[in-house]
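Atoms within each ligand, like the ligands themselves, are counted from 1 in listed order.
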Amino acid sequence: MFAPLLYFNDMKELKDRILSDGVALEGGILKVDSFINHQMDPQLMMNIAREFVRRFEAHTIDKIITIEASGIAPAILVGYILNKPVLFVKKSVPSTMSDMICTEVFSFTKNRSYTVSVSRKYISAGEKLLFIDDFLANGNAAKGVAEIVSKAGATLVGMGFIIEKGFQQGRKTLAHLDLQIESLAIIESLDNCQIKIR
Ligand code: 5GP
């Protein structure tokens, strides 16, 4: 689709932005509210999506899956480039929808478990899905999505995260899935509220 050499991007733009505009909070939380999680930078987000497409170009992808809310922006741009539908997992079980596939996810930022769900209508057995999200921390959200995809009889071909907190357990949590996992920026440490990028 694109010439890889012309197109190579080490995401310096993203890493520079994390260093200039990200804020490290006590407790190992990185705030990126000014360009990813609240206000969003569409040019940066499109470059992020292009890089995900480049990294997963070896796979057949039928659909993009993400989890609300912060995964939706990068996921929809990946879906736009690939011309594939984008499905977001809901962080609740809507009373108006029936035949939902559900699982429990533990939230690191909220320190509690919640039920996530998708309608069985939108994942078919045999489909190949690419999961896109903003953060990989302990991998609980991603693990929940992998469970939902598996319950539907579909297959995950890979997982792409904008930011991975390399000092948390996400990689280990997801290792058993044996998937291609790509993170565009890996945070080495947030110790003393200083952001260090690998
Ligand atoms: P996990 O399930 O991998 O532990 O955490 C993934 C989710 O938690 C992400 O989708 C993100 O919403 C949230 N999260 C975890 N750590 C951070 C963080 O340091 N900063 C922000 N903004 N969100 C985080």
For Ile29, side chain to side chain contact (heavy atoms under 4.5 Å, CB included) partners two or more places apart: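 Checked Ile29 against side chain to side chain contact (heavy atoms under 4.5 Å, CB included); matches are Leu25, Phe108, Thr109, Lys165.
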Using a 3.5 Å cut-off and no angle test, enumerate the donor-acceptor pairs between side-chain atoms of residues 135-154 and protein atoms at least two apart in sequence or in another chain.
residue : atom : partner : partner atom : Å
Asn138  : OD1  : Gln168  : NE2          : 3.4
Asn138  : OD1  : Gln169  : N            : 3.2
Glu147  : OE1  : Thr103  : OG1          : 2.6
Lys151  : NZ   : Cys102  : O            : 2.6

Neighbour count >12 (heavy atoms, 6.0 Å) for atom OH, Tyr80: no
Under 4.5 Å between side-chain heavy atoms, hopping through other hydrophobics if needed: is there a path connecting Leu87 to Leu82? no
Mind checking whether Val157 and Phe56 have side chains closer than 4.5 Å, heavy atoms only?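 No, side chains not in contact.
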Contact residues of ligand 1 with a heavy-atom cut-off of under 4.0 Å?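 Within 4.0 Å of ligand 1, protein side: Gly28, Ile29, Leu30, Asn37, Phe108, Thr109, Asp133, Asp134, Phe135, Leu136, Ala137, Asn138, Gly139, Asn140, Ala141, Lys165.
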Please tabulate, one pair per line, all N/O donor-acceptor pairs under 3.5 Å involving side-chain atoms of residues 89-97, not counting sequence neighbours.
residue : atom : partner : partner atom : Å
Lys91   : NZ   : Glu68   : O            : 2.9

